[in-house]
Amino acid sequence: MPHELPKAYEPGAIEARWAEYWVREKLFHVETPPPDLSDPRSSEPDLPEPGSSDTGSPNHESRPVFTLLLPPPNVTGRLHMGHMLNQTQMDIIVRWHRMRDEVALWLPGTDHAGIATQMMVERQLASEGIKRRELGREKFIERVWEWKRHYGGAILDQMKRLGASVDWGREYFTMDDNLSAAVKEAFVRLYEDGLIYRGKYIVNWCSDCGTAISDLEVKHEDVAGKLYEIRYPVVDAGAQSESGSGSGLGPSSGEAEFITVATTRPETMLGDVAIAVNPADERYLHLHGKHVMLPLMNRKIPIIADELAQPEFGTGAVKVTPAHDANDFEAGQRHNLPQIEVIDEHSKMNVNAGPYAGLDRLAARARIVEDLSTQGFLVGTKDYTIAIGKCDRSGTIVEPRLSTQWFIKIAPLAKRAIEVVEKGYIRFTPENYAQIYLNWMNNIHDWCISRQLWWGHRIPAWYCGQCKEVVVAREAPTACTKCGGAKLEQETDVLDTWFSSGLLPFTALGWPAATRDLDVFYPNQLMITGFDILFFWVARMIMLGCWFMAPPHKPSSRGSSSGGLDSDGSVSDGPILNATGAAFSVGHSHSSLKSKSSRLESDDSLRDSVPFREVYIHALVRDAERQKMSKTKGNVLDPIEVIGQYGTDATRFTLAAMAAPGTDIAFSESRTAGYRNFANKIWNAARFMFMNVDRIDSGLRPDSRKGHPARAGVTSFSDATLEDRWILSRFNRAAGDVNSSLKTYRFDEAAARIYDFFWGDLCDWYLELIKPRLLFDEGADSSVARVACTNLVNLFEASLRLLHPVMPFITEEIWHAMYDGKPPLKSIALAAYPARDEKQTNFEAETEMSILQDLIVSVRNLRAELKVEPKVKIPVEVFAHEPAMRAMLEKNANAVLLDRPANVEKITFVEQSLANMAGTRSTSRFDVHAIYEKKIDVAAERERLKKELEKIEKQLGGAQARLGDKQFLGKAPAHVVDGLRKQVSDQVILREKIDAQLKELPVP
RNA sequence: GGGCGGUUAGCUCAGUUGGUUAGAGCGCCUGCCUUACAAGCAGGAGGUCGCAGGUUCGAGCCCUGCACUGCCCA
């Protein structure tokens, strides 16, 4: 491969090629390590010391394992910025671990996404004029599969474009046969554990989706509405004298007494079964046990005393509608009240609604309000802000409705899920999410897991046509376990999508079989996801993981070599899946719950039951104006478009650089443009390097003798000159910093550090400083150039490895080119991540170099100030009062002479301070004076010096005051005091120099 | 109503257990097409860290109150 790269970096030309290469070459496939020997897992999340492990023999896997599960995108999904952020962070972390010589498994898959997918296909059918129910369940499901085969892979294809280094050989779909079997198994076991029950409860009902949805799927929204005040006549009021005494009581007319209640949903009054007042509310004491007549329905209903009614709210009396309100439902149970449903599953009034039957509930509301008004029961109407519940999917207003559903009794699962976080077995980053998680977990409600959908995992329960027994079983039973009847019908409901995805950390590794994968890769090391699915998914994974991966559910490979996964990943007969179709064995009956808890005897089994050791919660990506991206606002940034414009690497870098913990990301394209420029900078630095390699030694390649394990520092680098020692030290410092930033998920710090090193140190200084050594004259000794070029090549190769996790494409491209298309490894992604080598850090070189940089910058400053033409060379004089400093500067004067922007003709070291001359810059260490006849702008110079003097005096004043303060000296640590003394002595020198210079300036 | 966060340069954001002179990118101003890069180079301006108190030898950072603002839950 010729080293001729195009002048401008064109990401489009290289990225697609490498993305395809990585997939084709199966570079990120992880074989299941053979069952053997020592436990290959790293017990600590800490990284191995660089260079400490040997390469190891190939058939003995002793490397640490790193497992990460991709939050499975919906099959209906299109890649958005949130995915891109999420995947960029995961990819950086996984590539980093892989380069640290760990077994790094990133497991991809897609989620069947029950409601979303069903809606999508229904919409498609609608365009053909077909309704789902006309088609029938089986045909409909076939259509969904067809749709999935067609469109379901779109998002994964987009992922490939991002360069996501997942193991494509292990891709799963949540409706795959083995995963479906695992879901069924989990359901049956939970049922056997006594944690699943079925019953008629209030659920959130979406009439549009035609299904119950969980609390989490309801989004609350404040809307302007009305509060209707309705008065109910007390029919058996005893004490007339009390009537009308309370301000909240309805107006009494004649002998009648009323109770006034307020509601935002007057149509539900048709289902009222009581009026509740607070037991402590004195206004209503006389009415306890009395009745009111329900207007419009003429039904006599009791007045009950219940905490449901809050005295301070409204009149202190509330209507009770158990069939259409969750709180009322509970109150109804407390008082044994009937449940009267008046709204059906299509949000229409039903037969119980009497004259209003058949009306849509909103139409009914209008009629009811009108009728109440005419009949004198409507006391008033107020404007009111209602927190309305809407379906997350369809946006339809959710109606609380009575219906028969399947639930998970959540408390026992939550108990463990709380414990593992409290004990630190799962750590959150940022840490405050642990508290948010615990708050939610401590107030958790039972989880409604049934959905009235067709697309999903059908609940493995059968109803006996004869005795109505419910049989829960792994396979379709042939006869009722109670009466032996053969007429059995399976439950039509399917499971909540989050039930199956909540099992993924272990089902994706082969559970319930005792697989080697499960042994090696569970628990996952990390979960990276957004806070929006913290409760939906993360919490459920923790609950289910800690339940199923602890004894007795945890499959154990010890002592049972049979069973488990075949090498092709299919489930073979194991001891667990052998359980057959019979309902469930007596030994696993509900009473086993207690024994199960006691069997979780050791803390270790709880510690190792967690689905992942760490959770990193990333921010939300917003638009540049900090607005939430939404289709309706039209401010959605398509990552693929951004990639098209700036490249994947630049987009990834943007997301990494802006991913500071705790704040949302306001994605601004100007940043992406900046990082595209960064990529271009690297590209051109590479061009410069190749130009020199071709000219000096076209056979020069990076030293590749040492591949893995993670190697420290730069190899084959000879640090003869100051700039060599300096860049080597800077590189190692950067490598150390980047590693520690990534360790704590500080993607922003890591990105910034790499950027500063590559651009600020390597390109801005080092490349400029070595140019003279590279540009040897014709016929001259080329050995100096050869050494410089070798250094450059090895340094550059190491720098590419440092950058690779963030910018995988450009680094891969240049890296391959450096080896002339014959690299020692298939990919830079398989090379070692640089670690800091203490021996290569050199504090002295860094200090000296920074003084030289000061000197060079001072000359550049003087040139700008004196308005010297860029092409004109100028002589300078330098004074340093400390002999050691002078010696250092003299020794390295060449660096100053060779700096192009400074464009110095000659350096003369002088014996006297230059501070009192115009055209001088001073630091506490040296003075530098530019010899140039052009007059300086006296006024501007005076202004500048005065400003600087003011600043110094202000700082000096403060510092000296502190140094004179006994309390400060007594209490501040020594290094602070010493630092301050140094600052003062430096600034005193500087102040004198500036004073001198000011005095020499001609008086205006 | 309960909970969590944010407020630092014109914009978007860093700023570690409190410690010496608060940083970056973009934008802006000045000068350069210098033989890797004008997607570049060099130089520069710009901040009483939301407000008011407190703790401390020392506060952008800790505490209290206030203002504005975002999100989650009910």
Side-chain angles (χ1 to χ4, degrees), chain A residues 5 7-9 215-216 218-220 310 313 326-327 387 389 430 432-433 435-436 439-440 443 531-532 534-535 620 622 624-626 628 646 650 654 657-692 740 744 746 748-749 751-752 755-756 759-760 763-764 767-768 771 775 856-857 859-865 867-871 899-903 944 951-952 954-956 958-959 961-963 965-973 975-984 986-987:
Chain A
L5 304 178
K7 187 173 173 182
Y9 160 67
D215 292 347
L216 283 175
V218 180
K219 296 296 158 205
H220 293 272
Q310 297 168 342
F313 184 78
N327 292 321
N432 61 318
Y433 281 104
Q435 200 49 53
I436 294 172
N439 288 344
W440 184 77
N443 295 302
F531 72 87
D532 51 330
L534 179 62
F535 306 136
L620 197 69
R622 298 166 173 277
E625 276 72 50
R626 302 200 64 73
K628 220 172 191 168
Y646 303 102
T654 310
M658 299 188 79
T663 47
D664 286 343
I665 294 174
F667 191 93
S668 70
E669 286 194 56
S670 66
R671 289 285 287 262
T672 314
Y675 295 123
R676 186 266 324 263
N677 296 354
F678 176 56
N680 187 56
K681 187 80 182 172
I682 291 163
W683 188 257
N684 279 288
R687 287 180 61 231
F688 173 77
M689 171 182 67
F690 286 135
M691 193 183 84
N692 284 289
S740 43
T744 49
R746 290 302 305 263
D748 57 326
E749 283 182 358
Y755 184 96
D756 287 344
W759 198 322
C763 293
D764 283 351
L767 291 187
E768 297 303 328
K771 272 179 183 174
L775 299 167
I856 290 168
V857 168
V859 177
R860 291 176 187 170
N861 270 323
L862 284 170
R863 291 186 65 102
E865 208 171 279
K867 300 205 167 32
V868 183
E869 294 288 316
K871 281 171 189 149
D899 182 65
R900 215 165 1 182
N903 207 7
R944 184 185 69 80
K951 194 176 152 196
I952 286 173
K954 195 176 154 204
Q955 283 168 7
L956 210 46
R962 261 182 293 164
L963 283 174
D965 185 342
K966 280 195 189 106
Q967 288 209 298
F968 171 74
L969 293 175
K971 290 185 180 174
H975 76 272
V976 172
V977 178
D978 290 347
L980 203 58
R981 288 212 169 102
K982 176 84 171 65
Q983 180 201 326
V984 166
D986 281 358
Q987 285 184 331

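Just so it is clear, the values below take in all heavy atoms, side chains as well, and ignore hydrogens, waters and symmetry mates. Order of the sequence lines fixes the chain letters, A, B, ..., with proteins taken first and strands second; residue numbering starts at 1 for each chain.
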Distance (rounded to the nearest 0.5 Å) between Glu669(A) CD and Thr654(A) OG1
9.5 Å
By salt bridge (charged side-chain N to carboxylate O under 4.0 Å, His left out) - contacts of Arg900(A) (at least two apart)
Glu768(A)
Determine the Euclidean distance between corresponding C1' atoms of G25(B) and U35(B); express it in Å to zero decimal places.
30 Å
Interatomic distance, Asn680(A) CG vs C41(B) C1' [rounded to whole Å]
14 Å
Mind checking what makes side-chain contact (heavy atoms from CB on, under 4.5 Å) contact with Gln987(A), not counting sequence neighbours?
Ile952(A), Gln955(A), Leu956(A), Gln983(A)
Of the listed nucleotides (C73(B), U12(B), C37(B)), which one gets closest to any side-chain atom of Lys219(A)?
C73(B)
Polar atom pairs (N or O), protein with nucleotides 27-35 of chain B, under 3.5 Å:
residue	atom	partner	partner atom	Å
U34(B)	O2'	Arg900(A)	NH1	2.8

On RNA chain B, check which nucleotide each of Val976(A) and Arg860(A) is closest to and give me the residue with the more 5' one.
Val976(A)
Expressed as a whole number of Å, how far does the C1' atom of C28(B) sit from that of A9(B)?
12 Å
How far does the C1' atom of A45(B) sit from the matching atom of C51(B), given to the nearest Å?
28 Å
For nucleotides A67(B) and U30(B), find the distance between their C1' atoms and express it as a whole number of Å.
41 Å
Sugar-phosphate, base or nothing in reach of Val857(A), heavy atoms under 4.0 Å:
sugar-phosphate
Phosphate OP1/OP2 of G44(B) contacted by Asn861(A) side-chain N/O (<4.0 Å)
yes
Answer yes or no: is there a donor N or O on one side and an acceptor on the other, between the side chain of Arg671(A) and the main chain of Met658(A), under 3.5 Å?
no
Does Asn684(A) reach the side chain of Tyr9(A), with side-chain heavy atoms less than 4.5 Å apart?
no
Report the nucleotide, chosen from A14(B), U21(B), C37(B), that has the shortest atom-to-atom distance to any side-chain atom of Gln983(A).
U21(B)
Arg863(A) CZ to G44(B) C1', straight-line distance once rounded to whole Å:
17 Å
Give one of base, sugar-phosphate or nothing for Ala752(A), where a contact means two heavy atoms less than 4.0 Å apart.
nothing
Taking CD from Glu768(A) and P from C37(B), how many angstroms apart are they, rounded to a whole number?
11 Å
Taking the same atom, P, in U7(B) and in U12(B), what whole-Å distance lies between them?
12 Å
Whole angstroms only, please: what is the CG-P distance between Asn443(A) and A74(B)?
10 Å
Taking any heavy-atom pair under 4.0 Å as a contact, classify Asp978(A): base, sugar-phosphate, or nothing.
nothing
For Ile856(A) and G43(B), what is the distance between atoms CD1 and C1' respectively, to the nearest whole Å?
15 Å
Spacing of the C1' atoms in G50(B) and G6(B) (rounded, Å):
11 Å
Any donor-acceptor N/O pair, Asp899(A) side chain to Ala902(A) backbone, under 3.5 Å:
yes
How far does CG of Asp764(A) sit from CG of Asp756(A), to the nearest 0.5 angstrom?
10.0 Å
Side-chain heavy atoms of Arg981(A) within contact of Val977(A), under 4.5 Å
yes
Within this structure, what is the CG-CG distance for the pair Asn692(A) and Leu767(A), rounded to the nearest 0.5 Å?
9.0 Å
Who pairs with Asn439(A) by side chain to side chain donor-acceptor pair (under 3.5 Å), at least two apart in sequence or on another chain?
Gln435(A)
Nearest 0.5 angstrom please: Tyr646(A) OH to Asn680(A) CG, how far?
14.0 Å
Indicate whether OP1 or OP2 belonging to A39(B) is found under 4.0 Å from a side-chain N or O atom of Arg676(A).
no
Which stems, defined as runs of 3 or more consecutive Watson-Crick or G-U wobble pairs with both pairing distances under 3.5 Å, involve RNA chain B?
B:1-7 with B:67-73, B:10-13 with B:23-26, B:28-32 with B:40-44, B:50-54 with B:62-66
Distance-minimising heavy-atom pair for Lys681(A) and Cys763(A)
CE-CB, 3.7 Å
Walking RNA chain B from its 5' end, the first of Cys763(A) and Ile436(A) to be reached, judged by nearest nucleotide, is Ile436(A)
Within this structure, what is the CG-to-C1' distance between Asn439(A) and G2(B), rounded to whole angstrom?
10 Å
Using salt bridge (charged side-chain N to carboxylate O under 4.0 Å, His left out) as the criterion, list what pairs up with Arg676(A), not counting sequence neighbours.
none
Just to verify, what does Tyr755(A) make a ring-ring contact (aromatic ring centres under 6.0 Å, His included) with, not counting sequence neighbours?
Tyr675(A), Phe678(A), Trp759(A)
Going by the rule side-chain contact (heavy atoms from CB on, under 4.5 Å), which residues pair with Ala752(A) if we only count those two or more places apart in sequence or in a different chain?
none
Which of these nucleotides, C72(B), G43(B), A36(B), is closest to any side-chain atom of Phe531(A)?
C72(B)
Measuring only the P atom in each nucleotide, how far is G23(B) from A74(B)? A whole number of Å is fine.
45 Å
Under 4.0 Å between any heavy atoms, over every strand shown, what does Tyr9(A) touch: base, sugar-phosphate, or nothing? Just pick one.
base
Which of G19(B), U20(B), G40(B) is nearest the side chain of Leu980(A)? It is U20(B)
Between P of G40(B) and CG of Asn684(A), the distance in whole Å:
10 Å
Enumerate the protein-to-nucleotides 54-59 of chain B contacts in which both atoms are nitrogen or oxygen and the separation is below 3.5 Å.
residue	atom	partner	partner atom	Å
C57(B)	OP1	Lys971(A)	NZ	2.0

Those residues that, when tested against Asn903(A), pass side chain to side chain donor-acceptor pair (under 3.5 Å) (two or more places apart)
Lys873(A)
Measure all distances between protein nitrogen or oxygen atoms and nitrogen or oxygen atoms of nucleotides 24-26 of chain B, and list the pairs falling under 3.5 Å.
none

Rounded P spacing from G58(B) to G44(B) in Å:
35 Å
Taking any heavy-atom pair under 4.0 Å as a contact, classify Met658(A): base, sugar-phosphate, or nothing.
sugar-phosphate
Can you name the salt bridge (charged side-chain N to carboxylate O under 4.0 Å, His left out) partners of Lys982(A), sequence neighbours left out?
Asp986(A)
Quickly work out the Asn432(A) CG to C72(B) C1' distance and round it to whole Å.
12 Å
